[in-house]
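Quantities reported herein were computed from a predicted structural model and do not represent experimental measurements. Any value given below was found using the heavy atoms of this structure, including those in side chains, with hydrogens, waters and symmetry copies removed.
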Amino acid sequence: MVWVLLVLFAVAAVMSGVAISYVAGALAVLAFVMNDQVAYLGILPQRIFSQIDVFTFLAMPLFILAGETMTKGSVTRILIDLAMLVVGRLKGGLGYVNIASSVFLAGISGSAVADAAATTNTLVPEMTAKGYRADFAAALTAASCVIGPIIPPSIVMIFYGALMNVSVAALFAGGIVPGLLMALFLVVYNFWIARRDTHPGGASEANLPAIQTVLRATPALLIPITIVAGIVFGIVTPTEAAAIAVAITTTLVFLYAVLDGASVSKALKSTSALTSASVERTVMLTGSIFMILFAAAVFGYLMGLLRVPEQIAGLVQSAGLSVMSYFMVVSGILFVAGMVMDVSMALVLLVPVLVPAAIAGGADPIHVGVVSCLNLTLGLISPPFGGCLMVISAASGVSYLGLSRAILPFLGVQLTLLILLILVPDLTLALPRVLGLIK
């Protein structure tokens with residue numbers, strides 16, 4: 001009953017407009033009070049700082065900064081032009097461009113919301129002008145942006161890895177195949193829809209100069225290659241890779257400004273102003289994330305005091321559930337939670353409680369981690385409170401209700417992939433095994 005009241009309090013607070021970080025902190029303290037554990041509140045500061053004193057957490061603000069700089073600079077437009085050159089000539093070409101752009105951007109920003117903001121302003125108006133339905137264009141953009149947190153680097157996976165003490169490099173490697181499979185599933189669906197609804201397409205849709213477009217995009221493509229290869233092969237830590245991503249992204253913004261005709265002094269000023277705005281936004285987002293991490297540390301401490309993971313493991317054992325059956329149940333709970341909760345909040349409240357029992361039963365921690373991150377990320381495009389849906393609705397002018405209806409077929413496609421990933425762990429684990437990151 002206590003936990004039901006806490007969940008109701010959280011839902012009511014979020015619906016009233018209170019920031020997630022404040023809700024998480026208030027819930028953490030309230031949970032101690034309602035569970036008669038007030039005596040332990042005195043040592044919470046020590047527990048909090050000991051649990052968040054993790055070097056990997058430094059990667060999050062750096063990846064956010066790289067994504068913000070890329071979005072505000074010209075890097076996004078250049079990658080979209082490359083996608084247009086490669087697949088824009090096909091029937092339904094702008095749909096493929098939308099998906100391909102998200103794959104390219106995923107290797108830099110690691111954030112679904114950042115990718116949604118970047119591609120909506122650029123692609124949705126262009127698709128609408130070419131004859132695509134506005135709700136379809138907006139829904140495809142929403143579905144594509146979920147690729148961002150799955151293909152490395154992924155802010156959600158960094159969060160998960162530090163929270164659950166799992167290798168971030170292995171999580172990154174495990175996310176590559178699922179992310180590319182998601183893109184493939186969306187490509188197949190777009191192929192079918194393009195023929196059913198006779199979407200436009202043809203050589204005239206992509207009349208960009210090939211050599212110039214490839215040359216301009218090549219430096220931008222070095223960012224994800226550097227990040228992923230460096231982390232996966234153990235050359236750099238996730239934090240060092242994030243710092244490199246910031247340096248490369250900032251340098252590219254300056255170089256592209258010079259190539260577009262700006263003088264060196266003007267390019268430096270514009271890059272400096274853009275970086276300052278990106279840093280300001282990064283500080284705000286990072287502060288919010290770390291407040292949630294504080295709450296995660298508090299909840300983790302309380303769960304340990306109440307022995308909740310052990311109790312859940314006992315219930316699973318007594319019910320005779322197999323590891324796969326229990327994982328399916330957990331996945332269902334996470335998906336429903338993702339529909340009404342922020343991804344970070346759901347990670348804090350549910351993953352430390354539900355996931356350990358699956359791992360204790362024999363599930364692979366990397367498989368569980370990648371699937372759980374994908375599952376919760378789908379909440380960003382799931383009605384009624386999908387964060388990406390809200391961003392795309394505001395940016396595109398498509399009503400939230402209309403977008404919520406249009407996203408359902410795409411969500412069905414992605415849920416099919418989610419179930420496939422749960423039932424076939426090797427789709428997630430094959431690449432980490434080949435790279436020697438897991439046994």
Given side chain to side chain contact (heavy atoms under 4.5 Å, CB included), test I235 with E240 step by step and report yes or no.
CA-CA 9 Å; I235 301 170; E240 291 166 344; over 6 Å; no
Where the side chain of S101 meets the backbone of V97, is there a donor-acceptor pair that is under 3.5 Å apart?
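Flag set: sc S101 to bb V97 pair under 3.5 Å.
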N190 side chain to G92 backbone, donor-acceptor under 3.5 Å
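Between the backbone of G92 and the side chain of N190 there is a qualifying donor-acceptor contact (under 3.5 Å).
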Give, for atom [atom1] of [X] and atom [atom2] of [Y], the distance between the pair rounded to the nearest 0.5 Å.
X    : Y    : atom1 : atom2 : answer
L186 : I99  : CG    : CD1   : 5.0 Å
S154 : I176 : OG    : CD1   : 11.5 Å
L376 : S382 : CG    : OG    : 10.5 Å
T239 : L62  : OG1   : CG    : 7.0 Å
T377 : L374 : OG1   : CG    : 6.5 Å
I407 : I392 : CD1   : CD1   : 7.0 Å

Under the criterion side chain to side chain contact (heavy atoms under 4.5 Å, CB included), I'd like the reasoning laid out for L65 against V279: C-alpha separation, chi angles, the key distance, then a yes or no.
CA-CA 6 Å; L65 179 57; V279 168; 3.8 Å; yes
Dump the intermediate steps for side chain to side chain contact (heavy atoms under 4.5 Å, CB included) on F172 and V168, then the final yes or no.
CA-CA 6 Å; F172 278 8; V168 173; 3.7 Å; yes
Taking all atoms of both residues into account, what is the closest heavy-atom pair of [X] and [Y], and its distance?
X    : Y    : answer
G95  : L140 : CA-CD2, 3.4 Å
A217 : I78  : CA-CG2, 3.6 Å
S102 : C145 : OG-N, 3.9 Å
S372 : Y160 : CB-CE1, 4.4 Å
N375 : S331 : ND2-O, 2.7 Å
I151 : G179 : CG1-CA, 3.7 Å

Considering residues at least two apart in sequence or located in another chain, which fulfil the side chain to side chain donor-acceptor pair (under 3.5 Å) criterion with T141?
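Residues passing side chain to side chain donor-acceptor pair (under 3.5 Å) with T141: N98.
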S325: what forms a side chain to side chain donor-acceptor pair (under 3.5 Å) with it, not counting sequence neighbours?
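Side chain to side chain donor-acceptor pair (under 3.5 Å) list for S325, sorted by chain: S322.
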Taking atom OH as the centre, does Y400 end up with more than 12 heavy-atom neighbours from other residues, nucleotides or ligands that are less than 6.0 angstrom away?
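Yes, enclosed.
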Return the orientation label for the Y132 and H199 ring planes: parallel under 30°, perpendicular over 60°, tilted otherwise.
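It falls in the tilted class, 30° to 60°.
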Contact list for residues 419-431, test salt bridge (Lys or Arg N to Asp or Glu O under 4.0 Å), sequence neighbours left out
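The answer is D426-R433.
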Could you note down all residue pairs passing ring pair (Phe, Tyr, Trp, His ring centres under 6.0 Å) where residues 416-439 supplies at least one of them, sequence neighbours left out?
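Ring pair (Phe, Tyr, Trp, His ring centres under 6.0 Å) check on residues 416-439 returns no pairs.
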Give me each pair satisfying ring pair (Phe, Tyr, Trp, His ring centres under 6.0 Å) with a member in residues 403-439, each pair once, sequence neighbours excluded.
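Matches after skipping sequence neighbours: F136-F410, Y189-F410.
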For the residue pair V166 and M157, establish whether any side-chain heavy-atom pair is separated by less than 4.5 Å.
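No, side chains not in contact.
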If you define the side chain from C-beta out and look only at heavy atoms, does anything of P356 sit under 4.5 Å from M164?
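The answer is yes, as the side chains (C-beta and beyond) meet within the 4.5 Å cut-off.
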Residue list, salt bridge (charged side-chain N to carboxylate O under 4.0 Å, His left out) with D135, at least two apart or on another chain:
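R133.
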Could you check L423, L417, L421 and say which one makes a side-chain contact (heavy atoms from CB on, under 4.5 Å) with I419?
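Output: one option passes, namely L423.
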Steps toward side chain to side chain contact (heavy atoms under 4.5 Å, CB included) verdict (V146, L380):
CA-CA 8 Å; V146 176; L380 292 170; 5.5 Å; no
